[in-house]
Chemist: 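Once you've had a glance at the structure underneath, I'll fire off some questions.
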Amino acid sequence: MLDRKLLRKEPRRVAEAARAKNEKIDIEQWLETDSARRTLMLEIEELRKQRNLFSKAVSAKKRSGENANAEVTQSREAGSRLSILESNLNEMDNRLYEMEKNFPNIPDSDVPLGGEEKNIVLQTWGEIPEFDFQPRPHWELMENVFQPEAAGRIAGSNFILFRGWAAKLQRTLISWMLDYHTETGMEEIWAPFVAKPESMTATAQLPKMDDDMYRIGRDNLYLIPTGEVPITNLYRDQLLEEADLPVRLCGYTPCFRREAGSYGKDNRGLNRVHQFEKVEMVRLEHPDRSDEAHEELLNHAAGMLKLLGIPYRVLLLASGDLSFAAAKCFDIEIWSAGQNKWLEVSSIANFRDFQARRGNMKYRPAGGGKPLFVHTLNGSGLALPRLIISLIENGQQADGSIKLPSALSERMGTEVIR
RNA sequence: GGAGAGGUGGCCGAGCUGGUUUAAGGCGUACGCCUGCUAAGCGUAUGUAGGGGAAACUCUACCGAGGGUUCGAAUCCCUCCUUCUCCGCCA
């Protein structure tokens, strides 16, 4: 949610920001409604004031045993007029809220304008592996342990099923990543894998992503599309002390995505599936320090790839590639040797106070004073399927065996998977 | 799923036989006083949102959410959400 004061003061900036994100918004209609609402508000407050005065007079007269019929009549008249005006106000409030829910966050000034092609490669790390044989894609290397047909029989197409070493590798990676995070002081969270509409609205999956989520209609719940939802919502409607900041959290969750309309697009193997596992990092930060925190989360996530020896690059996303709620976002992409391309494995975003406004997440400044909105950030650390793709394809050897990085070999109980 | 009891300001907690409650009191917090420092003590201030004003200030709303009764609702009625206790079912 954007600040109403900002909407009034700089409507053009808001409109341009929406255009930069390819969102259509009608700021003119909002401005008209808002100004009509304020006019109405003045009238209502004046009327309420009068009614309260009459009402008090009734009270005083009755106490002293006088007749209060005149005041009762006047108060009743004000009241009946009020109920009409109040229902108008109510309707205007709803209209404004519905509009505001659909206004995207404003990109930071250092975010390049334009679509995907304007993304900037900020850094690249590691050597793209060379092979003296033709490297194979992961679905060939995992033939015995990755069974999409079985998953299809159980749940439908584009779900996945691992068995044997693939299942163990996934579990090992989740555990290894959580340890990596908690060693730096993040608190590990285990949260629900479903969330209510209010929670989805707070982190801004709703209203825009409604079609991309699985909904449990009978209970009015959604399966979470990312751990960001339950972990960030841990602090919805909460008031923190400044000394509590930053709040540094991490947690494992599965992520459910309908991927409506993306069939046949890069969805072979593990590239794009309806349920995948992910470890997420979430941070609530003082507004003055969210930029540093953003860099820190990026470097922290990238640190895992260094330990695993996976070549990666970091993109600064252009405005058109930014999500609805993000002000600025880094994507980390890792190399897939069997498909010869980069795969997005982490999105690390700063939402500034956008989610905090929707979810009413505040902190009280150290010297006292009015509560202020926190800044929220999050980033994958990391998404499992693509990480597994990269480990397997990059570590493959001529005989089809897979060499594991030393960071994992002890936990997996072997240096080479055969 | 059944029965019962709750949901009040950052927290705890009174009010709930409708009108001096503009929500008591406590804790916490801030500032001041006092003590050689600390603790304790004393005093003052301190909810959120929106509107008006240059400003001290002032007005309106908000007691889980929404509706209703009434001149007037934290207080009465209805619906829903949610927490707890007991019972049932179940991993």
Chemist: With rounding to whole Å, what would you report as the distance between rU35(B) and rC27(B) at their P atoms?
Modeler: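 rU35(B) and rC27(B) have their P atoms separated by 24 Å.
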Chemist: Looking at rG10(B), rG51(B), rG72(B), which one has an atom nearest to any side-chain atom of Ser55(A)?
Modeler: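 Per side-chain heavy atoms of Ser55(A), the pick is rG72(B).
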Chemist: Report the distance from atom CG of Leu372(A) to atom P of rU48(B), rounded to the nearest whole Å.
Modeler: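 Leu372(A) atom CG is separated from rU48(B) atom P by 11 Å.
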Chemist: So which nucleotide from rG51(B), rU48(B), rG19(B) ends up closest to the side chain of Ser59(A)?
Modeler: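 Nucleotide nearest to Ser59(A)'s side chain: rG19(B).
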Chemist: Arg218(A) CZ to rG1(B) C1': how many Å, rounded?
Modeler: 13 Å
Chemist: Calculate the interatomic distance between Arg364(A) atom CZ and rG47(B) atom P; express it in whole Å.
Modeler: 9 Å
Chemist: Could you tell me which nucleotide pairs with rG72(B) by Watson-Crick or G-U wobble geometry, both distances under 3.5 Å, or answer none if nothing does?
Modeler: none
Chemist: Can you check the distance between rC12(B) and rG18(B), where both ends of the measurement are the C1' atom (answer in whole Å)?
Modeler: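 Roughly 27 Å separates the two C1' atoms.
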Chemist: I'd like a table of atom pairs between the protein and nucleotides 59-66 of chain B - only N or O on both sides, under 3.5 Å - with the distance next to each one.
Modeler:
unit_1  : atom_1 : unit_2   : atom_2 : d
rU60(B) : O2'    : Arg48(A) : NE     : 3.2
rU60(B) : O2'    : Arg48(A) : NH2    : 3.3
rA61(B) : OP1    : Asn52(A) : ND2    : 3.4

Chemist: Tell me what Lys61(A) touches on the nucleic acid: a base, only sugar-phosphate, or nothing, going by heavy atoms under 4.0 Å.
Modeler: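 Result for Lys61(A) = nothing.
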Chemist: When the C1' atoms of rG19(B) and rA74(B) are compared, how many Å lie between them, rounded to an integer?
Modeler: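 Their C1' atoms lie roughly 14 Å apart.
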Chemist: For Lys56(A) and rU20(B), is the shortest distance between a side-chain N/O and OP1 or OP2 below 4.0 Å?
Modeler: no
Chemist: Specify the separation, in whole Å, of atom CG of Asp3(A) and atom C1' of rA49(B).
Modeler: 13 Å
Chemist: I need the NZ-P distance between Lys62(A) and rG72(B), as an integer number of Å.
Modeler: 11 Å
Chemist: Is the charged tip of Lys208(A) near the ring of Phe324(A): under 6.0 Å from the six-membered ring centre and within 45° of its axis?
Modeler: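 No, a cation-pi geometry is absent between Lys208(A) and Phe324(A).
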Chemist: With side chains defined as the heavy atoms from C-beta onward, is the minimum distance between Ile154(A) and Phe159(A) less than 4.5 Å?
Modeler: no
Chemist: Given atom CG of Asn360(A) and atom C1' of rG9(B), what is their separation to the nearest angstrom?
Modeler: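 It works out to 14 Å between those atoms.
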Chemist: Report each atom pair, protein N/O against N/O of nucleotides 77-81 of chain B, whose distance is under 3.5 angstrom.
Modeler:
none

Chemist: In the strands shown, is rG47(B) matched to any nucleotide by a Watson-Crick or G-U wobble pair with both distances under 3.5 Å, and which?
Modeler: rC62(B)
Chemist: In whole angstrom, give me the gap between the C1' atoms of rG15(B) and rA73(B).
Modeler: 13 Å
Chemist: Going by side-chain contact (heavy atoms from CB on, under 4.5 Å), Val345(A) matches just one of Ile310(A), Ile332(A), Leu384(A). Which one?
Modeler: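 Among Ile310(A), Ile332(A), Leu384(A), the one meeting side-chain contact (heavy atoms from CB on, under 4.5 Å) with Val345(A) is Ile332(A).
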Chemist: Taking atom P in both rC11(B) and rC86(B), compute the distance separating them and give it to the nearest angstrom.
Modeler: 26 Å
Chemist: Tabulate atom names and distances for all N/O pairs under 3.5 angstrom spanning the protein and nucleotides 88-91 of chain B.
Modeler:
none

Chemist: Between rG36(B) and rU48(B), how many Å separate the two P atoms, rounded to a whole number?
Modeler: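 It works out to 38 Å between them.
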Chemist: Taking only side-chain N and O atoms of Arg76(A), does any of them lie within less than 4.0 angstrom of OP1 or OP2 on rU69(B)?
Modeler: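 Indeed not, no polar side-chain atom of Arg76(A) lies that close.
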Chemist: When rounded to the nearest Å, what value does the distance between P atoms of rG10(B) and rU82(B) take?
Modeler: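 About 23 Å, rounded to a whole number of Å.
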